[in-house]
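Okay, here's the structure, questions in a sec.
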Amino acid sequence: MKIINIFFIILLSFTLSGCVTALLVTGTVVGGVYVADEIENDYNGDAGEFIEDKSSKAYRAITGN
């Protein structure tokens, strides 16, 4: 059996068993906590400043400026 087939079977079994959903929810919660902590510590609780900073960084990364 090729390694790609084994990987596909494992991924399919996780998907059908609900493990992927649990991992996605856990990742969402952990990501949300990380963002909330970053806003609190680095931006003094100002979510607007956080969004503005991240948007400008993303724009500069896309345009190369």
Side-chain angles (χ1 to χ4, degrees):
M1 222 176 195
K2 291 184 178 179
I3 190 74
I4 192 73
N5 292 341
I6 294 171
F7 178 73
F8 180 71
I9 291 169
I10 292 171
L11 181 64
L12 185 62
S13 67
F14 279 143
T15 302
L16 295 177
S17 69
C19 290
V20 171
T21 303
L23 289 172
L24 288 173
V25 169
T26 303
T28 301
V29 170
V30 169
V33 169
Y34 173 76
V35 169
D37 186 55
E38 185 177 358
I39 290 171
E40 187 63 35
N41 292 332
D42 297 342
Y43 297 94
N44 296 323
D46 188 1
E49 183 181 345
F50 171 79
I51 293 171
E52 182 180 334
D53 183 47
K54 295 299 179 180
S55 298
S56 64
K57 285 181 181 178
Y59 177 77
R60 286 193 308 268
I62 291 170
T63 60
N65 292 332

Worksheet entry | Partner set under ring pair (Phe, Tyr, Trp, His ring centres under 6.0 Å) for F8, not counting sequence neighbours |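 For F8, no residue satisfies ring pair (Phe, Tyr, Trp, His ring centres under 6.0 Å) once neighbours in sequence are set aside.
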
Fill in: I10: partners by side chain to side chain contact (heavy atoms under 4.5 Å, CB included), with sequence neighbours left out
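Only I6, F14 meet the side chain to side chain contact (heavy atoms under 4.5 Å, CB included) criterion with I10.
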
Fill in: Contacts of type salt bridge (Lys or Arg N to Asp or Glu O under 4.0 Å), residue E38, not counting sequence neighbours
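So E38 forms a salt bridge (Lys or Arg N to Asp or Glu O under 4.0 Å) with K54.
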
Which donor-acceptor pairs under 3.5 Å do the side chains of residues 18-37 make with protein atoms, sequence neighbours left out?
unit_1, atom_1, unit_2, atom_2, d
T26, OG1, A22, O, 2.8
T28, OG1, L24, O, 2.8
D37, OD1, N41, ND2, 3.0
D37, OD2, N41, ND2, 3.3

Using distance only, find each side-chain donor-acceptor pair of residues 56-64 under 3.5 Å and give its atom names and separation, not counting sequence neighbours.
unit_1, atom_1, unit_2, atom_2, d
S56, OG, E52, O, 3.3
S56, OG, D53, O, 2.9
K57, NZ, D53, OD2, 3.4
T63, OG1, Y59, O, 2.8
T63, OG1, N65, ND2, 3.3

Worksheet item: Once you round to the nearest 0.5 Å, how far does CD of E49 lie from CD1 of I39?
Response: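 Answer rounded to 0.5 Å: 10.5 Å.
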
Worksheet entry | Test salt bridge (Lys or Arg N to Asp or Glu O under 4.0 Å) applied to D46 - qualifying residues, sequence neighbours left out |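 By the salt bridge (Lys or Arg N to Asp or Glu O under 4.0 Å) rule, D46 matches no residue at all.
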
